[in-house]
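Worksheet for the structure shown next.
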Amino acid sequence: MEMDQLVALCKRRGFLFQSSEIYGGLQGFWDYGPMGVELKRNVREAWWRDMVNGHNALDVPPGAPSTYEMVGLDCSIIMHPQVWKCSGHYDLFHDFMQTCRQCKKLVRADHVAEMLKESEWVASLGTVLTRGPDDSLLDIDAEALLKWAKSKGRKVAPGLALVRKPEVTLSCLVERIASSPSVPLGSGELLSYIATEQLAVTGLQAPCPHCGGDLTEPREFNLMFESNTGAVRDDNSKVFLRPETAQGIFVNFKNVLDSTRVSIPFGVAQIGKSFRNEITPRNFTFRSREFEQMEIEFFCRPDQSRAWYQYWRDRRYKWYLDLGLAGDRLRLRDHDADELSHYSVGTADIEYAFPFLAPGEFGELEGVAHRGDFDLRSHMEGKLVRQGGELIVEKDAEGKPSHRGSGKDMNYFDDQTKERFIPHVIEPSAGADRATLAFLCQAYTEDEVPDEGGKAAKRVSLKLHPRLAPIKAAIFPLVKKDGMPEVAKEIYGELKQHANVFYDEKGAVGRRYRRQDEVGTPYCITVDGQTLTDGTVTIRDRDTLKQWRTKKDDLVAEIRERLR
RNA sequence: GCGGGUGUAGCUCAAUGGUAGAGCGGUAGCCUUCCAAGCUACUUACGAGGGUUCGAUUCCCUUCACCCGCUCCA
């Protein structure tokens with residue numbers, strides 16, 4: 001399936017529109033149409049029902065170490081700025097980036113020095129320099145540099161000023177050495193000199209690790225949306241739209257404990273919007289700047305956390321399978337150790353092979369992370385960093401915490417064992433929009449069905465799970481006469497009390513079937529001549545096209561059964 | 001943020017420096033007894049702003065959005 005076809009169908013049938021479309025659209029923002037809003041609501045409700053509401057706290061679910069409780073929360077989108085400072089988002093999401101003016105590549109400012117050490121062209125340059133034991137430069141051989149620039153350098157560092165304008169660049173370097181011969185020239189300074197084309201105009205410039213070209217000044221790419229509270233806009237009034245829903249759960253940990261009588265192990269669930277000012281929103285709704293998360297923070301004893309991690313990882317994977325994502329397009333991938341976040345002991349991604357990705361590539365639907373006690377401790381003690389194997393409070397130059405925590409005690413007291421500890425956290429964090437998109441991609445089907453004359457005709461249908469389908473059933477009179485519409489309308493009124501059903505009497509019945517196929521309606525109920533004599537109707541299955549007769553009085557029970 | 005490509009009706013696609021067409025769709029009606037039938041009528045577009053020009057959808061500039069690559073991100 002080509003993504004274009006799905007995008008076209010989504011627009012045509014009212015699943016997804018570009019935000020603010022009449023004004024040309026806004027990158028990274030999307031609107032759900034009348035069909036889309038039902039679909040996404042069904043995704044959310046399936047999740048809430050399966051994870052929270054419908055969870056039986058008295059039974060041990062398959063694969064779970066024990067029984068557990070589940071409750072929900074709905075937290076504000078804008079929270080105290082200190083929340084994001086302690087969580088690490090404030091520092092992490094303030095990346096400074098530099099662009100190479102020659103090769104146009106984008107690099108993180110704080111990675112440049114490290115990347116230069118590993119750069120191919122720097123290594124090549126190193127072969128013509130003489131170094132002392134402490135890596136300082138002993139001698140600058142202008143002849144050798146020039147020779148390198150005109151041969152090897154031309155290949156590995158085409159953007160380097162020394163390569164593009166060797167004489168000009170070298171003369172600046174020579175002048176520098178002549179003017180202050182007592183100050184030794186470090187290798188970093190040398191790299192800057194040979195990367196600088198017009199010293200007088202631009203000053204020294206940092207070289208690009210890729211091509212040696214000159215980098216722009218570091219510019220801030222803040223991934224958190226900012227706003228201000230109150231009338232005065234200054235640094236003190238600055239607030240952020242949450243980049244994840246999780247922190248609302250952590251900061252309410254004590255409130256939940258004190259108000260609900262839950263005891264460990266238990267999970268707190270939340271569904272809500274989050275915002276990230278992504279540099280490059282791409283791939284339909286997959287990477288949006290405003291998106292909805294479905295997150296669980298599951299609190300447990302540290303010694304049981306691995307078992308719970310395993311449980312949630314498998315439980316969440318199965319959830320997608322049960323709702324129709326194909327096993328060969330869905331995978332559960334454990335992160336490599338070097339890929340893990342600074343706080344995580346283990347993380348697995350649930351990924352789907354979206355059609356916009358290259359063959360063999362997968363996109364993340366959900367991350368299931370073992371977060372240890374990182375989050376609760378962060379809000380208790382202040383922003384944490386890993387040092388050796390330990391998490392310690394990050395300190396500034398004066399030795400004070402760089403971001404002070406709340407100071408509130410996040411310990412849990414176990415009445416059974418009389419132990420006091422900070423619970424460990426398992427976090428299954430799912431994207432509602434990504435799940436919705438995956439279900440749409442999976443459901444999109446083109447097949448051939450015989451038309452009126454018996455010839456094969458192309459059909460587009462959405463083979464959505466009945467729980468997810470926006471419209472659960474459509475009710476048609478076969479023709480618009482002989483009292484059929486009256487009976488059909490009666491059935492519609494009856495069913496509408498139980499499910500989102502749709503009535504249609506316009507045009508040929510085949511056309512009405514096709515229209516429902518395109519929005520994924522699993523069942524079509526048709527009132528025909530026989531209905532008027534024996535009270536039965538036909539039910540037509542979207543995927544098999546099979547039809548069978550049911551007494552119209554049994555319809556409510558049958559449809560409800562089929563929608564479970 | 002950079003480079004390349006693309007923007008004409010709800011969708012797919014034409015034509016044009018001088019009144020923008022079609023197919024499909026949608027709406028209404030007729031007809032129609034099970035998979036997009038037929039007939040009639042109606043409906044709807046040059047992404048936005050500026051410039052050149054007597055006149056711009058067409059040429060130029062800017063901008064916005066989408067696609068591909070870089071980069072980033074989960």
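Every chain is numbered from 1 and lettered A, B, ... according to where its sequence line falls, protein lines coming before strand lines.
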[X] (side chain) and [N] (base): donor-acceptor pair under 3.5 Å:
{"X": "A:Arg540", "N": "B:C35", "answer": "yes"}
{"X": "A:Thr280", "N": "B:C72", "answer": "no"}
{"X": "A:Tyr23", "N": "B:C64", "answer": "no"}
{"X": "A:Arg282", "N": "B:G69", "answer": "yes"}
{"X": "A:Gln547", "N": "B:C34", "answer": "yes"}

*Side chains of A:Arg434 and A:Phe291: does their closest heavy-atom pair fall under 4.5 Å?*
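Of all side-chain heavy-atom pairs linking A:Phe291 with A:Arg434, none is under 4.5 Å.
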*Compare all side-chain heavy atoms of A:Phe286 with those of A:Phe354 and state whether any distance is below 4.5 angstrom.*
yes
Tell me what [X] touches on the nucleic acid: a base, only sugar-phosphate, or nothing, going by heavy atoms under 4.0 Å.
{"X": "A:Arg459", "result": "nothing"}
{"X": "A:Glu364", "result": "base"}
{"X": "A:Lys480", "result": "base"}
{"X": "A:Met484", "result": "base"}
{"X": "A:Glu244", "result": "nothing"}
{"X": "A:Leu545", "result": "base"}
{"X": "A:Ser429", "result": "nothing"}
{"X": "A:Phe284", "result": "sugar-phosphate"}
{"X": "A:Asp482", "result": "base"}

*Parallel under 30°, tilted from 30 to 60°, perpendicular over 60°: which one fits the rings of A:Tyr90 and A:Phe240?*
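Because their plane-to-plane angle is over 60°, the rings of A:Tyr90 and A:Phe240 count as perpendicular.
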*Kindly assign one of parallel, tilted or perpendicular to the pair A:Tyr523 and A:Trp548, based on the angle between their ring planes and the thresholds 30° and 60°.*
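Plane angle over 60°, so perpendicular.
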Could you tell me if [Y] and [X] have a donor-acceptor pair between their side chains, going purely by distance under 3.5 Å?
{"X": "A:Tyr513", "Y": "A:Thr526", "value": "yes"}
{"X": "A:Tyr503", "Y": "A:Glu505", "value": "yes"}
{"X": "A:Glu427", "Y": "A:His370", "value": "no"}
{"X": "A:Gln270", "Y": "A:Trp48", "value": "no"}

Roughly how many Å apart are [M] and [N], using the [atom1] atom of each and rounding to a whole number?
{"N": "B:G23", "M": "B:U40", "atom1": "P", "value": "11 Å"}
{"N": "B:A65", "M": "B:C39", "atom1": "C1'", "value": "41 Å"}
{"N": "B:G17", "M": "B:A56", "atom1": "P", "value": "14 Å"}
{"N": "B:C30", "M": "B:C66", "atom1": "P", "value": "45 Å"}
{"N": "B:C13", "M": "B:U8", "atom1": "P", "value": "9 Å"}
{"N": "B:G10", "M": "B:G18", "atom1": "P", "value": "24 Å"}
{"N": "B:A22", "M": "B:G29", "atom1": "P", "value": "25 Å"}
{"N": "B:U27", "M": "B:C64", "atom1": "P", "value": "37 Å"}

Quick one: is [X] getting a side-chain N or O under 4.0 Å of the [N] phosphate, OP1 or OP2?
{"X": "A:Lys11", "N": "B:C11", "result": "yes"}
{"X": "A:Lys458", "N": "B:A36", "result": "no"}
{"X": "A:Arg511", "N": "B:G26", "result": "yes"}
{"X": "A:Arg13", "N": "B:G25", "result": "no"}
{"X": "A:Gln27", "N": "B:C66", "result": "yes"}

*On RNA chain B, check which nucleotide each of A:Val509 and A:Arg276 is closest to and give me the residue with the more 5' one.*
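The residue whose closest nucleotide sits nearer the 5' end is A:Val509.
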*Earlier contact from the 5' end, RNA chain B, for A:Arg12 and A:Glu21*: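 It is A:Arg12, whose closest nucleotide lies nearer the 5' terminus.
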*Fill in the dot-bracket string of RNA chain B, one character per base: . for unpaired, | for a pair to another strand, ( ) or [ ] for pairs within the strand, taking Watson-Crick or G-U pairs under 3.5 Å.*
(((((((..((((....[..))))((((((.......))))))...(((((..]....))))))))))))....
Counting side-chain heavy atoms from C-beta on, which of [options] comes nearest to [X]?
{"X": "A:Leu26", "options": "B:A65, B:U27, B:C72", "result": "B:A65"}
{"X": "A:Val479", "options": "B:U33, B:C35, B:A74", "result": "B:U33"}
{"X": "A:Arg287", "options": "B:C66, B:C73, B:C11", "result": "B:C73"}

*What is the distance from atom CZ of A:Phe275 to atom CD1 of A:Ile78, rounded to the nearest 0.5 Å?*
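Interatomic distance, A:Phe275 CZ to A:Ile78 CD1, rounded to 0.5 Å: 8.5 Å.
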